[in-house]
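Before anything else, here's the structure in question.
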Amino acid sequence: MARSLDGLVLSPVADQAPGQVGTATRFTYHEDDGCVWAEYAGGDVVRGHLVGTREGDRLDFRYVQLRRDGRTASGHCVATVVELDDGRVRLEETWEWESQEGRGTSAVEELPPGACIDDVSGA
């Protein structure tokens, strides 16, 4: 099993469609005893939250976000936690919107040491 996600900051490896997460989005993950949650923001997303579970290297979570245009959106995602050769974590995701049409795959990776990290804690 890959290491804990607790305290890790991850970012998408590629931009998605407008109004969705992109390379400017930062996810701050937390994990405790099989529960995972994160806050995220950046790019077209003003504020987002996800919450779910982890069993081994499989995550299953729901997400909700507020976009810059004032609309909200929500969906479901299943992800596999992968440890990269350099020791960073990657999540390989399969997602589906529940509040609108659309589904797809994406990947987010732990930012490398020294990368610029904006605070998305919501504090």
Side-chain angles (χ1 to χ4, degrees):
M1 184 166 96
R3 66 188 168 101
S4 172
L5 301 176
D6 196 50
L8 299 185
V9 177
L10 292 88
S11 181
V13 298
D15 285 323
Q16 300 291 321
Q20 298 181 27
V21 301
T23 56
T25 309
R26 299 292 181 263
F27 293 79
T28 301
Y29 271 83
H30 311 278
E31 181 175 352
D32 184 36
D33 197 28
C35 297
V36 293
W37 65 100
E39 305 86 28
Y40 61 98
D44 287 337
V45 178
V46 174
R47 183 176 301 267
H49 298 278
L50 64 85
V51 63
T53 58
R54 178 176 182 173
E55 290 187 28
D57 288 334
R58 183 180 185 274
L59 305 180
D60 188 331
F61 60 83
R62 293 280 190 304
Y63 53 90
V64 62
Q65 62 191 36
L66 173 63
R67 298 174 178 162
R68 294 215 178 276
D69 65 7
R71 294 184 302 140
T72 60
S74 61
H76 175 243
C77 182
V78 174
T80 301
V81 183
V82 176
E83 191 157 346
L84 299 172
D85 290 340
D86 63 6
R88 293 179 305 123
V89 169
R90 176 183 176 104
L91 303 182
E92 296 177 348
E93 306 171 323
T94 300
W95 52 267
E96 181 174 10
W97 291 109
E98 295 179 330
S99 61
Q100 63 191 34
E101 293 294 319
R103 66 179 67 206
T105 60
S106 56
V108 296
E109 291 183 356
E110 181 181 357
L111 294 178
C116 179
I117 300 173
D118 293 327
D119 179 24
V120 296
S121 65

Please determine whether the number of non-hydrogen atoms from other residues, nucleotides or ligands lying under 6.0 Å from atom CD of Glu55 exceeds 12. no
Would you indicate whether the side-chain heavy atoms of Asp44 and Gln65 approach each other to under 4.5 Å? no
To the nearest 0.5 Å, how far apart are CZ in Arg54 and CG in Asp60? 13.5 Å
Linked hydrophobic residues, Trp37 as query - side chain contacts closer than 4.5 Å: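 Via sub-4.5 Å side-chain contacts, Trp37 links to Val51.
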Keeping to residues at least two apart or across chains, list the ring pair (Phe, Tyr, Trp, His ring centres under 6.0 Å) pairs with something in residues 62-85. Tyr63-Trp97
So CD of Gln20 and CZ of Arg67: to nearest 0.5 Å the spacing works out to 6.5 Å
With sequence neighbours excluded, what pairs up with Glu96 under the side chain to side chain contact (heavy atoms under 4.5 Å, CB included) test?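 Partners of Glu96 under the side chain to side chain contact (heavy atoms under 4.5 Å, CB included) test: Arg103.
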Side chain to side chain contact (heavy atoms under 4.5 Å, CB included) partner of Leu59, chosen from Leu50, Thr53, Thr80, Leu5: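 In the set Leu50, Thr53, Thr80, Leu5, the residue that makes a side chain to side chain contact (heavy atoms under 4.5 Å, CB included) with Leu59 is Leu5.
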Under 4.5 Å between side-chain heavy atoms, chaining through other members, with only Ile, Leu, Val, Met, Phe, Trp and Tyr counted: pull out the rest of the cluster around Val46, sorted by chain and number.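 Joined to Val46, directly or through intermediates: Leu66.
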What is the minimum heavy-atom distance between Val64 and Tyr40, and which atoms define it? O-OH, 3.6 Å
Contacts of Asp86 that satisfy side chain to side chain donor-acceptor pair (under 3.5 Å) - sequence neighbours left out: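 For Asp86, the residues satisfying side chain to side chain donor-acceptor pair (under 3.5 Å) (neighbours in sequence not counted) are Arg88.
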Set of salt bridge (charged side-chain N to carboxylate O under 4.0 Å, His left out) partners for Glu83, sequence neighbours left out: none
So which atom in Ser99 and which in Ala73 form the shortest heavy-atom distance, rounded to 0.1 Å?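 The pair with the smallest heavy-atom distance is OG-CA, 3.3 Å.
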Do Val89 and Val81 have side chains that get closer than 4.5 Å, going by heavy atoms? yes
Nearest-0.5 Å distance, CD of residue Glu92 to CD of residue Glu109: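 Nearest 0.5 Å value for the CD-CD distance: 9.0 Å.
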Are Asp69 and Arg71 close enough for a salt bridge, meaning some N to O gap below 4.0 Å? yes
Shortest non-hydrogen contact between Ser11 and Thr25, atoms and distance: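 Smallest heavy-atom distance, with atoms named: OG-O, 3.1 Å.
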With Arg3 via side chain to side chain donor-acceptor pair (under 3.5 Å) - residues at least two apart: Glu110
Taking the side chain as C-beta and beyond, is there a heavy-atom pair between Phe27 and Leu91 under 4.5 Å?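 No. Closest side-chain heavy atoms not under 4.5 Å.
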Taking side chain to side chain donor-acceptor pair (under 3.5 Å) as the test, write out the residues that go with Ser106, two or more places apart.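 Checked Ser106 against side chain to side chain donor-acceptor pair (under 3.5 Å); matches are Glu93, Trp95.
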Give me the atom names and distance for the closest heavy-atom approach of Arg68 to Gly43.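 Closest pair (atom of Arg68, atom of Gly43, distance): NE-O, 2.7 Å.
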Shortest non-hydrogen contact from Val21 toward Pro12: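 Here Val21 and Pro12 meet closest at CG2-CG, 4.1 Å.
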Are any non-hydrogen side-chain atoms of Thr28 and His30 less than 4.5 angstrom apart? yes
Contacts satisfying salt bridge (charged side-chain N to carboxylate O under 4.0 Å, His left out) that involve residues 4-17 (not counting sequence neighbours) are none
